[in-house]
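Below, each value reflects all heavy atoms present in this structure, side chains not excepted, and no hydrogens, waters or symmetry copies. Computed from a prediction, not measured in an experiment: that's the story for all the values here.
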Amino acid sequence: MLRFDPFRELEELQERLARAFAPQAQGGPRVYAPPVDVWEDEEGLHLLVYLPGVEPEKVEVVAEEGVLSVKAERPFEKKENVAYHRLEGTYGTFARSFNVPSTYDLSKVQARFRHGVLHLLVPRAEATKPKRIQVQVE
């Protein structure tokens, strides 16, 4: 179970503000935060990061010091002699970080990418897995 993080709402607000004031207005790259589903089960902590249109080689996952970070890029390739009427796709770069409790082992993160969805599995740390105790009979 994930513990209550009092700074989570502040982080989400910061991400929304960053998107609102992204350098896109000055012609720079756009920064966005993709939707993420997080849940846990007996295997560990699961994160699904939705990255439609992102090439797998443009995805970077880093796990260090209790933080799991995901970075990716989906560049916009403007075509010549094309009149764009609407662009609702998400383009640019993004970076998201997640604080992971010590009950999970960041050294054993597994990452799979399929159909534009990055699935990360952070297994439970061995010390936190239930252990069966043999009862000695005398």
Start with the C-alpha distance between L120 and F98, add both sets of side-chain angles, then the distance that settles side-chain contact (heavy atoms from CB on, under 4.5 Å), and finish with yes or no. CA-CA 12 Å; L120 301 169; F98 305 90; 6.0 Å; no
Take V49 and R96 through the side-chain contact (heavy atoms from CB on, under 4.5 Å) test and state the conclusion after the steps. CA-CA 10 Å; V49 185; R96 290 210 52 188; over 6 Å; no
Verdict with supporting geometry, Y50 and D37, side-chain contact (heavy atoms from CB on, under 4.5 Å): CA-CA 9 Å; Y50 295 92; D37 294 340; 2.6 Å; yes
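Taking 4.5 Å as the limit, every side-chain heavy atom of Y104 sits out of range of all side-chain heavy atoms of L68. Two residues are said to be in side-chain contact when any heavy atoms from C-beta on lie closer than 4.5 Å; R74 and T90 meet this criterion.
In terms of heavy-atom proximity, K71 sits nearest to A95 at CG-CB, 3.9 Å. Across all their heavy atoms, F94 and P34 have their closest contact at CD1-CD, 3.4 Å. Considering all non-hydrogen atoms of both residues, N99 and P101 come closest at O-CD, 3.9 Å. Closest approach of S69 to S97, counting heavy atoms only: OG-OG, 3.0 Å.
Put simply, CD on E138 and CD on Q136 are 8.0 Å apart, with the number rounded to the nearest 0.5 Å. Note that the NE2 atom of H119 and the CG atom of L47 stand 8.0 Å from one another [nearest 0.5 Å].
Applying the side-chain contact (heavy atoms from CB on, under 4.5 Å) test to L87 and every residue at least two apart in sequence or in another chain returns F76, Y84. Listed by chain and number, the residues in a salt bridge (charged side-chain N to carboxylate O under 4.0 Å, His left out) with R112 amount to none (sequence neighbours excluded). Residues meeting the side-chain contact (heavy atoms from CB on, under 4.5 Å) test with L121, sequence neighbours left out: E43, H46, Q110.
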Atom pairs and distances, donor-acceptor, side-chain atoms in residues 54-67, under 3.5 Å, two or more places apart:
none

